[in-house]
Every structure is written in structure tokens, then in C-alpha cells.
Amino acid sequence: MMATTNIPFAINETEEIVTAGAPAMATNDLHVYYGDNHAIQGVDLEFHENQVTALIGPSGCGKSTYLRALNRMNDEIDGCRMEGEILYNGININRKEVDLYNVRKEIGMVFQKPNPFTKSIFENIAFSLKRHGIKNKAELAERVEKSLRSAALWEEVKDDLGKSALSLSGGQQQRLCIARAIAMQPEVLLLDEPASALDPISTSKIEDLIHELKRKYTIIIVTHNMQQAARVSDHTAFFYLGKVVEVSDTGTLFTKPSNKQTQDYISGNFG
Ligand SMILES: Nc1ncnc2c1ncn2[C@@H]1O[C@H](COP(=O)(O)OP(=O)(O)OP(=O)(O)O)[C@@H](O)[C@H]1O
């Protein structure tokens, strides 16, 4: 169940922890359990503003579980429990009194399979804004246009805003989902294999978009595709069996990994 109390989690007055150069997000000794399955086993990572971090590793090693921990989406899964710190602007948001609505507004998420609402293109974005108290029509229209422009979708849909979002192609739907997340003015975007269900042209559009979006946001992306990690990210973390085996700048991780398991994974000799 969602917490409803309005405990601040990202302000500078009562909890002045934010310092220049500090990570936008980090985890300290993060553990995630599904019942007895210890899926994430003490992960420490830092994510900096305007940087893209890719999470890579073999299937089942905990990448999506870790990503979902960052905006407390794992709270929605029965039997899932998390221990350790999840720091957002220096404040631990892994506390039960934290307002999850605010957490997910500030730390937006886009999933593998595009999941637009069965509403018009316009309403897909306006819906959450209205829920957030924005009722003025001109302001709504402006925020919708701005979000669609930021997601590189405006030119393709500006004459069809009243059409169902489901009439869009898969790639357009995924950009609409990104626009929907952006509309809430988040600081962090979590992308869980955002292009894995898309054709190569749509994939390339999403990758170009990630390059654009990192000017404004901190981006963390799970991907199975190592070429994609190499193309879009500044840092890469290699996960294996619920732990981070190695994390470094992407160039180094793919050319001079310091760990043998990383080397085996990136060269395809794994398992
Ligand atoms: N909703 C869930 N309920 C129970 N166990 C889960 C759930 N999601 C993941 N797990 C378990 O947690 C572990 C990590 O899975 P996770 O999906 O995070 O790995 P992954 O690296 O993202 O895998 P993939 O690349 O295949 O998506 C696995 O043992 C998996 O079975």
C-alpha cells in the first residue's frame, strides 16, 4: 500500500545534506529479498547528474530488481523487502514514512514494454498533470507540448493529439511513455530495457533521445545489449548474482575490465 504522509525527502531545509558534486542518487549496502531469495546482496552505487549509467549482466542477476528499488517500485511486489539506504539528493528514501507519490514523481520510470494509458495522446500526459493539480487548459497544453518535444515526438503527433495512444507505433508509444515521465519534471529517469521490444530504427531514436535527455536528467538504464550500453552510457555497472562485480566509466569497462567475470561477460564467454 502507498504511504500517504507528506514527509519531505528532497528538501534542503530540514535535512541539509546536499553538497556540490554529491551524487544525485546512491545506494549503500542495499539488499532486496523476495521471500528467501536474496536477489540484491549489498549493492553500493552512485549516480551523478547529467550522466547515464548502464546496468548490465546476465539474465536473473538482479538488474531490474535493483532499478525498481531506486524509486521504491519493489514495494508494490508482495513478499519483497528492502534493507539499506537509497539516497536521493543525500536523503534516505528507503523509509516507510516517505511519500511514494513524490518519490515516483521525482524518480520517473519507463518499462520494457510501452504501457501507454488507453486514452488519447494528449490525455496520456495531461492525466497525471491534472492529478497533480494542474487544471488550467493553456498550462496543460503547454506542458503536454513541451514534454512531447523533449521526447522527440511532437512533430510526429502534433496534428493527432486527440487520437488514441494505442494507434501509435511501438517506438512512438515508448517515446510517449518517456514524455509522460518527463511531464512530471523528474530529476532521475529509470529506463528498464526501453528499446528491447523495438525495431532498430525506433531503438536508434530512443538512443538519440537518451543523449538529449541526459542534459537535463540523471539516467539509469538496464540493458541486455552491450553495444547499446557502450553507445549511450558514461558509466557501466556489471551485475552478477545480485552483486556489482565492477563499475567504471563505460570505455574502461568495455576495453580494460579489471575483473575476470566482467571480461568473460563482455567477450561472450560467460557461464
Ligand atoms: N516479482 C518478482 N517476484 C519474485 N521474484 C522475483 C521477481 N522479480 C525478480 N525476481 C527474482 O529476483 C532475481 C533477480 O531478477 P531480476 O529480474 O531483477 O534480474 P535481471 O537481471 O533484471 O534479469 P533479466 O535480465 O532476465 O530481466 C531472480 O532470481 C528473479 O527470479
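The figures that follow rest on heavy atoms only: side chains count, while hydrogens, waters and symmetry mates do not. Every number for a ligand or one of its atoms is a count from 1 in the order of the listing.
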Phe117 six-ring centre to Arg180 NZ/CZ under 6.0 Å and within 45° of normal: yes
Mode of Ile77 contact toward ligand 1 - side chain, backbone, both, neither (heavy atoms, under 4.0 Å): side chain
Centroid separation Tyr265 to Tyr240 less than 6.0 Å: no
Pair Tyr101 + His132: ring centers closer than 6.0 Å: yes
Contacts of Asn50 that satisfy side-chain hydrogen bond (donor to acceptor under 3.5 Å, both in side chains) - sequence neighbours left out: none
Looking only at protein heavy atoms, which one is nearest to [atom], and how far off is it?
atom: atom 29 (O) of ligand 1; result: Asn37 ND2, 3.1 Å
atom: atom 16 (P) of ligand 1; result: Thr65 OG1, 3.6 Å
atom: atom 23 (O) of ligand 1; result: Gly60 N, 2.8 Å
atom: atom 3 (N) of ligand 1; result: Tyr34 CD2, 3.5 Å
atom: atom 17 (O) of ligand 1; result: Ser64 CB, 4.1 Å
atom: atom 26 (O) of ligand 1; result: Ser59 OG, 2.5 Å
atom: atom 25 (O) of ligand 1; result: Lys63 NZ, 2.8 Å

Backbone or side-chain N or O of Ala39 under 3.5 Å from ligand 1 N or O: no
Leu129 and its side-chain contact (heavy atoms from CB on, under 4.5 Å) partner, picked from Glu139, Met184, Glu123: Met184
For Arg68, the ligand 1 atoms whose distance to one of its heavy atoms is below 4.0 Å: 8 (N)
Atoms of ligand 1, numbered as shown, that sit under 4.0 Å from any heavy atom of Pro58: 21 (O)
For Phe47, all residues meeting ring pair (Phe, Tyr, Trp, His ring centres under 6.0 Å), sequence neighbours excluded: none
Gly62 heavy atom under 4.0 Å from ligand 1: yes
Between Gln41 and His31: side-chain donor-acceptor atoms closer than 3.5 Å: no
Close side-chain approach of Leu148 to Phe122, heavy-atom, < 4.5 Å: no
